[in-house]
Amino acid sequence: MHWDIEADVVVVGFGAAGACAALEAAAAGRSVVVLDRFAGGGATALSGGVVYAGGGTPQQRAAGVTDTASAMFDYLSTEVGDVVPPGTLRQFCDDSVRMLGWLESHGVPFEGSLCPDKTSYPTNRHYLYYSGSEVSARDVAPPAPRGHRTRGRGTSGGLLFARLAAATRRAGVQVAGQSAAVRLVTEAGRVTGVECRSLRGAPWWARAAHRGLHRAARKPYLYVPKAGRLMHRPVGWLEQRYGRPLLVGAARGVVIAAGGFGASRELLRAHAPSARGGLPLATPGDDGSGLRLGTAAGGAAALLDRVSVWRFLSPPPALLRGILVGADGKRICDESLYGAAIGDEIVRRGGRAWLFADRATIAAARRQLRGGALWFQRLQARYLLTFGRVSAGTVAGVAAKAGVDPDGLAATVAAYNAVAASAGASDTSASDTGPWDTGAVSADPTGKPADLVAAQDQPPYSLIDYSIRARLLNPAPVLTLGGLVVEPGTGQVLRADGTAVPGLYAAGRSAVGLCSRSYVSGLSIADCVFSGRRAGRHAAATSFRFGAG
Ligand SMILES: Cc1cc2nc3c(=O)[nH]c(=O)nc-3n(C[C@H](O)[C@H](O)[C@H](O)COP(=O)(O)OP(=O)(O)OC[C@H]3O[C@@H](n4cnc5c(N)ncnc54)[C@H](O)[C@@H]3O)c2cc1C
């Protein structure tokens, strides 16, 4: 085989997982090439930059938070289930403090400023927060805030990736951009390289247009997928017209870290119909090509039907006092659960949901919006409080306006208000913004913390629409969670019979990982770091060297 480029380890995809795999392989003294269809960054660079970590990180200690690896393990067991063996989850939790330290050693900054509210994403004043359903699961494990947001303004995933990318280049890794992997090369049953379609030899203007158009389309793609797809169309044409084959040899191993499949309507239709009406949290690079490369080489895929659908009620945190109901008027779940857990519950009940709230709750929510949220959170909440809401002077009246069963709603509201009255927690004039009482014991049957169970008895009443359907200003974000099946100790891609595909590894959202059953904020990037490092380390350590006899 004649290779255009050769290295010990070849990584396909330059997001969080790919960068971490490359860093570990380079640290082991191996030559590493990273291929990316564009310039790298992927979903990681657009993300919130939240990393799930605990067990007593320096940031938790600085915030006065007590946490242990075993509490983290107990809580995460409820989210992760059996998608990875308990030993793998245990290792993730035991190594969590070191993992955050490793990221910091590569320039990624974190900070222990604790957010006092339950929120989907903290403002620029806070960088540590409850990013899952830890408080609702306080019977399982003592709750602790574990969402470590990269310290940087706005959505800080861009900074997280920039720091990892700089570290990767400092480590001597060669990054080959504008090179899309289209096929894995297999010799004698072992993956030994990658065939790409590359713009490396294309005219400068075609490369510049490819780079510029992709960059310009990324954000529209995220918020208005139709517009993003339209803007991105010429990118595919440029690749077809000017792309040339590039063969990259991998003496020790290939790591697939090419993201998920949220941009593939075909794969979403086939595997995750519940994502319909949601807004894929993806870039055009998340077209499932990593998955296809792996399965074409014999790898098995799993949990492709697992998608995380997000429905956050807070900010504003006052809305957590409301009552989330389905079309039958019945309560759906603890409203303080993490947004992806709420989304799961709504999907399970057919995708329709409303939040019942009284005058005091709506007024408090409006007040909180003045300073306690980032611009996109404010925009969504204002839209919901203005256009996404119906109201009436009676419970029956508001139910009729929304198309919710009035008897079911009346019974649910009466039961909720009775719990609030018995707990003496109906004072909705109490502080608007917390601090959140994470220790309070609750009489609420869903386990919602007592200080959030406030009577909804002051007319007029509102029902705010949280159904899962396509809406520009209140989309339901959707993240694909399944991928290639990997060996938990090494990250090697496995066939359906459980044997490994020699020379092939997968990481991040191209693989089944810690967040493949249910997502809490930060768990995807934390899994990218964990699984990327694991794959890079093992690919580098393999004693087999193709071509060396
Ligand atoms: C708006 C938003 C906010 C989010 N916030 C968070 C958060 O705060 N915390 C969290 O944990 N998760 C968050 N997520 C999810 C998280 O960002 C992703 O799941 C994670 O970053 C995926 O990382 P990855 O390395 O697997 O893939 P990516 O970061 O997507 O990288 C994959 C790379 O592979 C390249 N590629 C694809 N196909 C090919 C090919 N055939 N050949 C060569 N290259 C290819 C792509 O161009 C891309 O650069 C968020 C996602 C979004 C969109």
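Below, each value reflects all heavy atoms present in this structure, side chains not excepted, and no hydrogens, waters or symmetry copies. Order of appearance sets the numbers: ligands from 1, and atoms from 1 within every ligand.
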**Request:** Measure the distance from atom 18 (C) of ligand 1 to every protein heavy atom, then report the residue, atom name and distance (to 0.1 Å) of the closest one.
**Result:** S524 OG, 3.6 Å

**Item:** Presence of salt bridge, R534 and D527, under 4.0 angstrom
**Value:** no

**Asked** To which protein heavy atom is atom 5 (N) of ligand 1 closest, and what is the distance rounded to 0.1 Å?
**Response** G48 N, 3.0 Å

**Fill in**
Among A526, A43, G532, S289, closest by heavy atom to atom 28 (P) of ligand 1 is A43

**Prompt:** Which option, C20, A17, G13, owns the non-hydrogen atom nearest atom 25 (O) of ligand 1?
**Reply:** A17

**Message:** Could you identify the single nearest non-hydrogen protein atom to atom 35 (C) of ligand 1 and state the distance to 0.1 Å?
**Reply:** D36 OD2, 3.2 Å

**Prompt:** Given the side-chain rings of H210 and F38, with only the six-membered ring counted for Trp, is the space between their centroids under 6.0 Å?
**Reply:** yes

**Asked** Among protein heavy atoms, which sits nearest to atom 43 (C) of ligand 1, and what does the distance come to when rounded to 0.1 Å?
**Response** R37 N, 3.3 Å

**Request:** Mind checking whether L523 contacts ligand 1 via backbone (N, CA, C, O), side chain (CB onward), both or neither, at a 4.0 Å heavy-atom cut-off?
**Result:** backbone

**Request:** Could you tell me whether T155 approaches ligand 1 through its side chain, its backbone, both or neither, with non-hydrogen atoms closer than 4.0 Å?
**Result:** neither

**Prompt:** Any non-hydrogen atom of C528 lying under 4.0 Å from ligand 1?
**Reply:** yes

**Side chain, backbone, both or neither: V50 near ligand 1, heavy atoms under 4.0 Å** = both

**Prompt:** Out of L291, L481, T480, which residue meets the side-chain contact (heavy atoms from CB on, under 4.5 Å) rule with L304?
**Reply:** L291

**Prompt:** Can you tell me the protein heavy atom closest to atom 27 (O) of ligand 1 and the distance?
**Reply:** G259 CA, 3.4 Å

**Item:** Shortest protein heavy-atom distance from atom 42 (N) of ligand 1, along with the residue and atom involved
**Value:** A181 N, 2.9 Å

**Asked** What do we get for S179 next to ligand 1 when only non-hydrogen atoms under 4.0 Å count, side chain, backbone, both or neither?
**Response** backbone

**Request:** Flag this pair as yes if the NZ/CZ of R151 is under 6.0 angstrom from the six-membered ring centre of Y127 and inside a 45 degree cone about the axis; otherwise no.
**Result:** no

**Prompt:** Counting only heavy atoms, which portion of F14 has something under 4.0 Å from ligand 1: side chain, backbone, both, or neither?
**Reply:** backbone

**Prompt:** If you measure from each non-hydrogen atom of A257 to ligand 1, which part falls under 4.0 Å: side chain, backbone, both or neither?
**Reply:** backbone

**Non-hydrogen atom of L46 closer than 4.0 Å to ligand 1** = yes

**Request:** Please report the shortest heavy-atom distance between P488 and T88, naming the atom on each side.
**Result:** CB-OG1, 3.4 Å

**Request:** Write out the residue and atom name of the closest protein heavy atom to atom 17 (O) of ligand 1, then the distance separating them to 0.1 Å.
**Result:** S47 CB, 3.2 Å

**Asked** Side chain, backbone, both or neither: which part of Y519 has a heavy atom under 4.0 Å from ligand 1?
**Response** side chain

**Prompt:** Which pair of heavy atoms, one from G54 and one from R146, lies closest together, and at what distance?
**Reply:** CA-CD, 4.0 Å

